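Just so it is clear: chains get the letters A, B, ... in the order the sequence lines come, proteins before strands, and each one is counted from 1. Because the structure is a prediction, the values reported are computed rather than measured.
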Amino acid sequence: MLELRNISFHQGDEIFLDDVSLLMERGELNILLGPTLSGKTTLMRIMAGLDKPNSGELLFDGVSVLGMPVQKRNVAMVYQQFINYPSLTVFENIASPLRVARVEQNQIGIQVAEVAELLQLTQMLDRMPDTLSGGQQQRVALARALVKKADLVLLDEPLANLDYKLREELRAELPALFAAMGAVLVYATTEPTEALVLGGNTVCLHEGRVEQFGPTLDLYRTPTGLRSAKIFSDPPLNSVEVECVAGQFIYAKSRQPLGIKIEQIPDGSYTLAVRPHHLSRKKEAGNEIEVEGNVSVTELTGSETFVHFSMEDSPWVALLHDVQDFAVASTIKFYLKPQHLFLFDSHGVLVEWQSEINN
Amino acid sequence: MSIQKVQNNKAWFMVLPVLILVAISAIIPLMTVVNYSVQDTFGGNEFFWVGTEWFQEVLASERFHNALLRTLVFSGLILAIEIPLGILIALAMPKRGWGVSVCLVLMALPLLIPWNVVGTIWQVFGRVDIGLLGHGLASLGIDYNYTQNNLDAWLTLILMDVWHWTSLVVLLCYSGLVSIPEVYYQAARIDGASRWAVFRFIQLPKIKRVLLIAVLLRFMDSFMIYTEPFVVTGGGPGNITSFLSIDLVQMAVGQFDLGPAAAMSLIYFLIILLICWVFYTVMTSYDNDEQSSGGGAQ
Amino acid sequence: MASIQLQSLAHRYPSAPDYALRSMQQTWSDGGAYALLGPSGCGKTTLLNIISGLLKPSEGRVLFDDIDVTDLTTEQRNIAQVFQFPVVYDTMTVAENLAFPLHNRGIAKNEIEKRVADVLQMLDLQDRANDRARSLTADDKQKISLGRGLVRTDVQAILFDEPLTVIDPHLKWQLRTELKKIHQRFQHTMIYVTHDQTEALTFADQVIVMYEGAVVQIGTPQQLFETPEHTFVGRFIGSPGMNVLSCEVDASDAIFAGKRFPLSKTVDASASRFELGIRPEHIKLSAGDGMPLTVTALEDVGRHVIVRGEIEGTELSTLVKDGDTIPQNPHVSFDSAHVNLYADDYRVASGKGG
């Protein structure tokens, strides 16, 4: 169990981490999700012991490990770049942490074979890393982390440098691998889709601050704040500024009514948000809210359509599950179900609400 | 927090041996020099306090002014020739293939020769009676004699230094140049950049750091040059190639004027320190600039 | 702008045993948006560098508007190219970076200013115009690289070599649609190299799928999706890719798991291997209609759930829309119009009605 208590890290005026507290259990995957510069790598370096926080505590299984040098901690790390020993065979690469730990020769053979089997590297054990493809090289790096039986395994965007299809394949394989490790697993990524496929828990990071932490799917379905909703959305979250005047919502820009009435909401400024795949061209239930915009560009993937349009001057995108082309600058209507609406107050905090549609 | 503090103290303890070593090798001898510079002696072991008298004497002396000027001119000329020449040679060197190692070995050769040997080589090389250069020039009808002609003496010393040290600039620049990714050159071709623009906007910014190191090293070295001119011209003809270092040794060892010599070496030392400080400031301001962007890309 | 022709073009790197690019014959029309899509090592970047003139092909010719440019330099070809990693001139400001390609070509000062302002606006960099380029983040640096490609209006073509690799997901969306808009507005001939199918499919009118140095299929995104000519294309395009299921053929029927699928035509049964291709999107999941499916895994990716399962030991994936439920006793039925039949990996027939 890894516990971070009020970790802060800054250099000069630049704040890298601000009061981060997290609790991570063994055998669970913890995903650090956030854009570049959100503090993912810094957090991992602190967990590994490569950097020291300015304040806060770091506990492993209840014992403080802040002063402990990285060599003494049982940590394995996998990076975005494929880092292997170029002059050693795949077998020796995987065996290297075992040699350092002075494991017996016949044991090394058994353990390497086991891990190689798991990562489909058995055929390549005699080859040199630079004769392998990128995906295979990263598998070797993963195998090295795996064989070490570390207490803490840190993976810093390990699939970022791989081809799309390879990434898809490895993403599907990784959860089973991780489950077999029994370590505290931390996995950094910038891609919401990757977090969803991997499951586990997710930490939404924004400018060195934890926005939200919890089971991945819960975070996706009910973000508690506008920031985590935005971070955890691909394609980007659609949002528009609205105002509530006497329980009646109007667009902040055009002052036009939205056509929804929300009970027991104080007057003030709000942000209304919806995910792109919840916008539909058809009315199904009858209680949908209607939104209208001007098409700026349509992207067709062969099976889906991304319609980019401008809604009250905000850029919105709709994901449709079929192929439809729309002329640029044409006006287009979409419908969305009230249960798919997110409402955030002026501080970006999710507001619970009950809706009524006035037609 | 407390753990951090303990470790910091430990770190100080670890550098203590180095501090002691530096004290013995540098600070104590320096203090001896300071001691000499403020006292006078008439032999024996009798010293008496003279205050800043030697410093005033040295700073006011024509001999010091001339030597300083000669040294500054020499260093300036060396930098003006070796830096551009070094860059040009580095640019002309092949980036891959068998030529690379041939060039690197050729470039490294002069650097492997000890200073006094270089001096001796050029002393012989330039002689009109038996030297290849001197005799060659003489047989072409050129009146060349570095022991008698002032200009010839300077030219010989500069040529010798260029021959000996340009390689260093070449090697430093070359290491900077080969680290530039190929894609920069491709982008420049796409952008239609001229050869000069490629140098000005890609190569020069990328080798700026090593270039600063090269300038610093070459300045310090040429400013303190002693062995080669001592061997080749011995400071002559007359005093024309008598640089600060040569002058200093003449005063201290030749005339045994320990007081003025000590004062002069301190001034010499302070000038070098000042110039180093200027370079250091320039370099760190450049680094800070770089770091603020580096932090952004983390 | 120009059309691009590749005549018997092939390339082998000196000392390499095999061709990096196998002989190809292509004509790409003026003003088109093309994507070269394929896994790393398929030769797509080699092809791009040959078109831009950074690499000279070992065989064949390259023509722009029927003019042979094979022996011309990159400068003479007048091409813009954006690379995978940001290339900026450190010592220049953002605006100077953008002006550089124009400046080199001796374009008038007020014209340069106008175009630079345009591009700054397009890329949302107005506020940083006078900042030194080296103080920018990787994202912004890549924007500058893109900008230097877009600032020239007279180019024959603009080439992109995986330009969004280093960009964060959110900005990726923004820049991709910006490129699409720019293409619609100026009708430049654009060629976009990527391994990312979403980028290729959303950007291009025509996608060229490459595999091991050869072009396996050229088509619109819809053609690649609905009628992949090769099982590789079927698997490579789509997330998850097409299900490729071992099957048998009986005259004009394909037989999978005991079920017959009528084909558009009679198929010669001499091939060594027959496979049925069906996209996850074209498989319907229901309570008791069709073939029984043993579910092995569910992957919730937000907008839909990927259902992985088996039919008589053959693995298969299908999709369930967000909000729909997966029945207790799931059965699957294939949309027979969207079935394709492959003989030794090449498509030989489609489903009847398709």
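Put simply, the side chain of His170(C) never gets that close to the backbone of Leu237(A): no donor and acceptor are under 3.5 Å apart.
The stretch residues 194-208 of chain C places His195(C), Asp196(C), Gln197(C), Thr198(C), Leu201(C), Thr202(C) near chain A, each with some heavy atom under 4.5 Å from a heavy atom of that chain. Within residues 194-206 of chain A, the residues having any heavy atom under 4.5 Å from a heavy atom of chain C are, by residue number, Leu196(A), Val197(A).
If you measure heavy-atom distances from Glu191(A) to chain C, the contacts under 4.5 Å come from both the backbone and the side chain. Neither the backbone nor the side chain of Arg275(A) comes within contact range of chain C; no heavy atoms are under 4.5 Å apart. Using a 4.5 Å cut-off between heavy atoms, Leu300(A) contacts chain C through its backbone alone, with no side-chain atom that close. Using a 4.5 Å cut-off between heavy atoms, Leu166(A) does not touch chain C at all. Interface remark: Ser296(A) contributes backbone and side-chain atoms alike to the contact with chain C (heavy atom separation under 4.5 Å).
Scanning both residues, Arg303(C) and Pro235(A), for their nearest heavy atoms gives NH1-CD, 4.0 Å. Nearest heavy atom pair, residue Lys165(A) against residue Gly238(C), reads NZ-O, 2.8 Å.
Here Asp163(A) contributes atom CG and Glu162(C) contributes atom CD; the two are 7.0 Å apart, rounded to the nearest 0.5 Å.
In this structure, the side chains of Arg176(C) and Glu299(A) come closer than 4.5 Å at one or more pairs of heavy atoms. With a 4.5 Å cut-off on side-chain heavy atoms, Glu304(A) and Phe225(C) do not count as touching.
Around CD of Glu315(C), the count of heavy atoms belonging to other residues, nucleotides or ligands within 6.0 Å does not exceed 12. Other residues, nucleotides and ligands contribute more than 12 heavy atoms inside 6.0 Å of the CZ atom of Phe326(A).
Of all the listed residues (Thr190(A), Val328(A), Asn161(A)), the one sharing the greatest number of non-hydrogen pairs under 4.5 Å with chain C is Thr190(A). With respect to chain A, the highest number of heavy-atom pairs below 4.5 Å among Arg279(C), Glu281(C), Lys180(C) belongs to Lys180(C). When each of Pro315(A), Pro276(A), Pro192(A), Pro236(A) is checked for heavy-atom pairs under 4.5 Å with chain C, Pro236(A) comes out on top.
Contact check on Arg171(A) versus Glu299(C) returns no salt bridge, with no Lys/Arg side-chain nitrogen under 4.0 Å from an Asp/Glu carboxylate oxygen.
Annotation: salt bridge (charged side-chain N to carboxylate O under 4.0 Å, His left out) contacts of Arg221(A) (sequence neighbours excluded): Asp300(C), Asp322(C). Contacts of Asp140(C) classified as side-chain contact (heavy atoms from CB on, under 4.5 Å), with partners at least two apart in sequence or in another chain: Leu125(C), Arg128(C), Leu136(C), Thr137(C), Lys143(C).
Between Phe306(A) and Trp173(C), the ring planes are perpendicular. Angles over 60° get that label, and only those under 30° would be called parallel.
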